[in-house]
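Reviewing the structure listed below.
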Number of protein chains: 2
Amino acid sequence: MLTGVIIMLTKRQLIILQVIIDDFIDSARPIGSRALSKKDNLPYSAATIRNEMADLEEFGFLEKTHTSSGRVPSEKGYRYYVDHLIGPSTNQNQVSIIKDIIQDGFFEFEQIVQMSAEVLSKLTSYTSIILGPEMFETTLKQIQILPLSDHTAVAILVTNTGHVEHRSFAIPEKINSSDLEKMVNMMNERLTGVPIIKLQEVLNTEVAHLMKMYMDDFDKSFEYLKAFLVNDNPVKLYIGGKSNILMQPEFNDVDKIRSFFTMMEKEDEIANILKNSKNGIEVTIGNENEVEAIKDLSLITASYHLNGDHMGTIALLGPTRMEYRKVISLIKGLSTEMTDAMYMWYRNDG
Amino acid sequence: MLTGVIIMLTKRQLIILQVIIDDFIDSARPIGSRALSKKDNLPYSAATIRNEMADLEEFGFLEKTHTSSGRVPSEKGYRYYVDHLIGPSTNQNQVSIIKDIIQDGFFEFEQIVQMSAEVLSKLTSYTSIILGPEMFETTLKQIQILPLSDHTAVAILVTNTGHVEHRSFAIPEKINSSDLEKMVNMMNERLTGVPIIKLQEVLNTEVAHLMKMYMDDFDKSFEYLKAFLVNDNPVKLYIGGKSNILMQPEFNDVDKIRSFFTMMEKEDEIANILKNSKNGIEVTIGNENEVEAIKDLSLITASYHLNGDHMGTIALLGPTRMEYRKVISLIKGLSTEMTDAMYMWYRNDG
DNA sequence: TATTAGCACTCAGGAGTTAAGAGTGCTAAC
DNA sequence: GTTAGCACTCTTAACTCCTGAGTGCTAATA
């Protein structure tokens, strides 16, 4: 394989490479010169194509599975294909499915994300992963504590984005309902409008000493409440179509399936991969991935934004033999939609 | 195979049957007379055991995979094993793992159920499914509508069990915030304490005409609100360890894996199976299952209760070669715990 | 009479062989 | 520069052979 050299492909080589990759993406089977020469858009003899294929292999764009097999795209081949051979394709009507969901307006952002992940995986038959959104701009709207019985209550937290979290807890013996009410009022006074990521700070400085006045066994309850308010892992991962990959012929092997599912269970690791993705759309093919577990898969990521700040990441995970053209346009569309949706949500921030 | 006859097994046959099934549950491999005769608890020659095995096969408790293979338990064999050969086993320390979670008191019932499902599947390496709880005794505690911006708001519904649901929606143009407030007050007045399953009725009769007074484009908003309050599918399914079955050697075949995951996606169907399960613990082995998709699996179900009313079902789905002894005691323990937990939650119903 | 040893028989599964088919690389002709 | 032709390679599936595990039956044994 020639490396470190700028490779100029002839027009014919470009066409042949494209046809081979398109065919392989479609069929998942190696293709030979004879079969290629029969295709309408390739009016060359098998021998000519064989020569070109030999060159393309020398350049590193194609591979053989064994000495006398047909050719298969290499990772470098996919890279070239993604970078140079796929023009802009508009899956406008597919994007509009997602657009409709988002613009319905009746859904909370979280639901939108979940539904987008599911639609995305259904449209592509790959596994979709959406990270986010980050909470930079999210502020606390209201805290409410609602007694359920003499000794239990549910705490409800609402953000300006319509995100709701809640947790049940036991009311400490010494606290009566009027104490509780005062406490909540006090917290709302101090915490409303505070960005979620700053909650911990404000809680520790401003609120802690006030709380002490109301509660005798302050420590335990405060710690508990803090754990509720200050979520360690505020950025959520939405996964759609985990079992879609079972439809892909490359997962015809039980071990591969096993290792895929094992990998998908490590949500932290996946979140990390997505967090580190750059702005804009990014395609990482096979061994280009740094994480061992997905070195035989391709990952497409795109970010969505708010006022230029990176808010989250949309991703699709599939075999290296991926329908890049379709997938890229779809993800581009979705990230635009989600950026718009973010803007809509935060626009009239009360 | 002899059927319709009461079969009396000799003591030795019972022991042999038990050892064979125990061994197969452990190893998943057919076992032959020679290997059996070497076991400590079977001081008989291979020939003797062969004769007994032939009888057990004639009775229908054992099968051969081919003419000269070792024996494997038949479904009838498992049935006999479950009904007569497994004494009470107490996995007390395993049950206590779940007990600790439940009794922590800090979790909402829903979380408890989710965690139980996960622990159950982890302890067993099978897939756990928990249905419920039913809402017979659940009543509405509070409705709240919190404006997020000029034209969006989030509605929050809390039940007496600490269950919280919420949904964002667009505020109709013509409604101002004081209208909204009145409306919510009115709904709380009328709906607090109403059982969730009767919400629809009360909404249609008592609340509908009152609402009309406040809202001009009443219909759309009312319908939307109703859809939120009256959840079509109030009984939820919690699934744990979906990919656990990949560890089972019987799922060494991609097609089986595929059909399993396809089946698991049909949550309605699964919910139906569990809904129709009887009170108490129930073991359904292979073809005893009426649903086609699980005819080569075993399902163990147990119900949990409140004041004698069936509230929900705990289930484990695994290969017919299941660790029945362990699993049954575990599920028994869990259903007791969950019944207790239900009682705790509803005890001080405010 | 119940148990056991012995032996012929069966079958699954792995190793080895063969044949067909798809595809290649090279050479020579166009 | 392109193409036809041909020898060669390698996979895959089908077939055969062989071994080992296990059985059923019969006759000997306790």
Response to the item:
Rounded to whole Å, the CD-P distance (A:Glu58 to C:dT24) equals 15 Å
Worksheet entry | Distance in angstrom units between A:Glu63 CD and C:dT24 P, rounded | 15 Å
Discussion item. Using 30° and 60° as the class boundaries, would you call the ring planes of A:Tyr324 and A:Tyr78 parallel, tilted or perpendicular?
Written reply: tilted
Worksheet item: On DNA chain C, nearest-nucleotide positions of A:Gly32 versus B:Ala46: which is more 5'?
Response: B:Ala46
Fill in: 5′-ward residue of the pair A:Pro30/A:Ala47 relative to DNA chain C
A:Pro30
Worksheet, complete the sentence: note: A:Ile16, atom CD1; C:dT24, atom P; distance rounded to Å ~ 12 Å
Discussion item. Using the side-chain heavy atoms of B:Ala54, tell me which of these nucleotides is nearest: D:dG24, C:dT24, D:dT11.
Written reply: D:dG24
Response to the item:
From the list B:Leu131, B:Ile130, B:Ile129, B:Leu237, side chain to side chain contact (heavy atoms under 4.5 Å, CB included) with B:Thr313 holds only for B:Leu131
Worksheet item: Is the shortest side-chain N/O distance from A:Ser68 to OP1 or OP2 of C:dG23 below 4.0 Å?
Response: no
Practice prompt. Using heavy atoms to find the nearest nucleotide of DNA chain D for B:Asn51 and B:Gly70 separately, return the residue whose nucleotide is more 5′.
Written response: B:Gly70
Worksheet item: So, is A:Arg71 close to the C:dG25 phosphate, meaning a side-chain N or O under 4.0 Å from OP1 or OP2?
Response: yes
Practice prompt. For A:Leu36 and C:dA22, give me the distance from atom CG to atom C1', rounded to whole Å.
Written response: 13 Å
Worksheet item: How is A:Ser69 classified with respect to the nucleic acid when contacts are heavy atoms under 4.0 Å: base, sugar-phosphate, or nothing?
Response: sugar-phosphate
Worksheet item: At under 4.0 Å, does any side-chain N or O of B:Thr48 touch on OP1 or OP2 of C:dT4?
Response: yes
Worksheet item: For B:Lys242, does the NZ atom have more than 12 heavy-atom neighbours from other residues, nucleotides or ligands under 6.0 Å away?
Response: yes
Worksheet item: So is A:Arg12 actually on top of A:Tyr44's ring, under 6.0 Å and inside 45° of the axis?
Response: yes
Worksheet item: Hey, is B:Glu57 close enough to B:Arg71 for a salt bridge, meaning N to O under 4.0 Å?
Response: yes
Worksheet item: In whole angstrom, what separates A:Arg29's CZ from D:dT12's P?
Response: 12 Å
Discussion item. Taking any heavy-atom pair under 4.0 Å as a contact, classify A:Arg34: base, sugar-phosphate, or nothing.
Written reply: nothing
Worksheet item: In whole Å, what is the span from the CG atom of A:Leu42 to the P atom of D:dT3?
Response: 12 Å
Worksheet item: In terms of side-chain heavy atoms of A:Tyr44, which of C:dT4, D:dT23, D:dT3 is nearest?
Response: D:dT3
Fill in: Out of C:dA12, D:dG24, D:dT3, whichever nucleotide has its closest atom nearest the side chain of B:Glu57
D:dG24
Discussion item. How close do B:Tyr126 and B:Asn244 get, counting heavy atoms only, and between which atoms?
Written reply: O-ND2, 3.2 Å
Worksheet item: What integer distance in Å separates B:Leu62:CG from D:dG24:P?
Response: 11 Å
Practice prompt. Tell me whether the OP1 or OP2 atom of D:dG24 has a side-chain N or O from B:Lys64 closer than 4.0 Å.
Written response: yes
Worksheet item: Rounding to a whole Å, what distance do you find between A:Arg50:CZ and D:dA7:P?
Response: 14 Å
Worksheet item: Which part of the nucleic acid does A:Arg12 contact within heavy-atom distance under 4.0 Å: base, sugar-phosphate only, or nothing?
Response: sugar-phosphate
